[in-house]
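Proteins get letters first, then strands, A, B, ... in listed order; numbering begins at 1 in each.
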Protein chains: 2
Amino acid sequence: MQVTVDIVIFTIQAGELKVLLVERGIPPFQGQFAIPGGFVLEDEGLDAAARRELKDETGVADVFLEQLYSFGDPGRDPRGRVVTVAYFALISADRSPLVAGSDAAAARWWPVRELPELAFDHRKILDCALERLRNKLEYTTVGFQLLPARFTLSELQQVYEAILNKKLDKRNFRRKLGLLKVLRPTRELRRGGRRPARLYEFVAARFERLKDKGILFPF
Amino acid sequence: MQVTVDIVIFTIQAGELKVLLVERGIPPFQGQFAIPGGFVLEDEGLDAAARRELKDETGVADVFLEQLYSFGDPGRDPRGRVVTVAYFALISADRSPLVAGSDAAAARWWPVRELPELAFDHRKILDCALERLRNKLEYTTVGFQLLPARFTLSELQQVYEAILNKKLDKRNFRRKLGLLKVLRPTRELRRGGRRPARLYEFVAARFERLKDKGILFPF
DNA sequence: CCAAAAGTGTTAGGAGTACACCCATGG
DNA sequence: CCATGGGTGTACTCCTAACACTTTTGG
């Protein structure tokens, strides 16, 4: 029985949630798009295999990566019995545009709102990842993983709106963030738009105190 | 590469959360206890393999069963490379005492508070299952899966207390349950204790309305 | 001076928590 | 009649949601 890892890689671009897909150059499903993935090596752990694939496809390391779910229906791969352990990864907006896949010349970021037909059972995997991402937004800091180290409050709100797919109230959003005390304002401003916006940093150490107490991001 | 399923099977007995373990009769880890499990057959899905093992070990079918996480560190099984897809299952109190494992004469329910040393990485798997169970208690109906179709409010509260490992306030517990409107009182009373207690039924249809709205079991 | 995004507080309603006593039954 | 678990309500606090105008900049 063969074991693969497949990785749903998300990023935010232009205030939109996007996912990395590669066009298949060979059968089966030639010409269709698929989630990046590959076989687990004989002496390699599952997480390690996922990190290796992620690095190969995007060039990035040290990003958020988490196991999602395993899919192993007989017949999910016409070539034979393949069990895949699916992962999902988050790449911050400032590192995502560099799509320089080694073997994946045809890699492209797709808005999750307008996906092409996907190979294998990858649509199911992607839906599973989206659901997980939405849920984790509420009780973890995944939202910050999609932004550069410094960001404006409006950018953060856009991340939440893009993933949850609904508008949020600006004042309530900011007040709740303030109560959590996990952001540190910097002296820097983002110019270039209209009125300049203050940049903030996420302070991981402050979040540590909260997570045991069930304090969340209730947006 | 070989693929197995391992199943953490929980039940409630005497107001305590228990898990089914089998004593290994052969090396490796001979004489130690392990979570029930076995190989995935060539033409068998992962869920199907888990259901088959569950049936073999406990004789029960049609119980709550959910995939948990996959474990595949090289070296987790000294016999070779084995990736395991872990599941967790919940058996209601009225069906659990029947431990009649086919090949598992040495199967036994263990209180999760006093576990023996476990074979392989099964301790890690069990901890993972416990954490998942505690979390799902808050936003799903897994609590009801551990009880017979009809139960008293005190029995339900004991399930929550056993899993969360803390005392809950009786009046608050009942008021919140009342607000959810997912229980239907029956005409039946449980006698045999002191004052008879009313039996309730969980109405799954009423829960359906709630789960999209993020209404939970906030105990 | 106009368009566009940044920034800022109050109020009213609902949910959560803490807390103590009477009731029905079996022995 | 007594021991045991079943059953019930209130007051206070805190969180949530709804809601509109002023400020700062670039063009």
Rounding to a whole Å, what distance do you find between K176(B):NZ and dG9(D):C1'? 16 Å

On DNA chain C, check which nucleotide each of G192(B) and P218(B) is closest to and give me the residue with the more 5' one. P218(B)

Return yes if the base of dA20(C) and the side-chain atoms of R171(B) contain a donor-acceptor N/O pair under 3.5 Å, otherwise no. yes

5'-most contact on DNA chain D: R175(B) or S154(B), nearest heavy atom basis? S154(B)

Rounding to an integer number of Å, can you tell me how far L168(A) CG sits from dC19(D) P? 15 Å

Against the side chain of R194(B), the closest entry in dG7(C), dG27(C), dT8(D) is dG27(C)

Closest approach of V63(A) and R51(A), non-hydrogen atoms and distance? O-NH1, 3.5 Å

Looking only at heavy atoms, the pair that brings L183(B) and F202(B) closest together is CD2-CA, 3.9 Å

Considering heavy-atom distances to DNA chain C, does A197(A) or D169(A) have its closest nucleotide positioned more toward the 5' end? A197(A)

Interatomic distance where CZ belongs to F173(B) and P belongs to dA15(C) [whole Å]: 18 Å

What is the bend of the helix from dC1(C)-dG27(D) to dG27(C)-dC1(D) when you compare the axis at one end with the axis at the other, using five pairs each and rounding to 10°? 0°

Heavy atoms from C-beta onward define the side chain here; which of dC19(D), dT25(D), dG7(C) lies closest to that of N172(A)? dC19(D)

Rounded to the nearest Å, what distance is computed from the CD atom of residue E138(B) to the P atom of nucleotide dG16(C)? 12 Å

Would you name the heavy atoms of S92(B) and P148(B) that are closest together and state the gap between them? CB-N, 4.2 Å

Using 0.5 Å steps for rounding, measure from the NZ atom of K136(A) to the CZ atom of F64(A). 5.0 Å

Can you see which heavy atom on V40(A) is nearest to which on A49(A), and at what distance? CG2-CB, 4.0 Å

With a 4.0 Å cut-off on heavy atoms, is K170(A) in touch with a base, just the backbone sugar-phosphate, or nothing at all? base

Is R198(B) near enough to dG6(D) that one of its side-chain N or O atoms lies under 4.0 angstrom from OP1 or OP2? no

Atom-to-atom span, NZ of K167(A) to P of dC19(D) - whole angstrom: 17 Å

For R184(B), give me all partners under side-chain contact (heavy atoms from CB on, under 4.5 Å), at least two apart in sequence or on another chain. E201(B), V203(B), R206(B)

note: L177(B), atom CG; dG7(D), atom P; distance rounded to Å ~ 13 Å

Out of curiosity, R175(B) CZ to D169(B) CG, how far, rounded to the nearest 0.5 Å? 8.5 Å

Gap between atoms CG and P, on L199(A) and dA6(C) respectively (whole Å): 12 Å

Please state how far atom CZ in R174(A) lies from atom P in dA20(D), giving the value in whole angstrom units. 18 Å

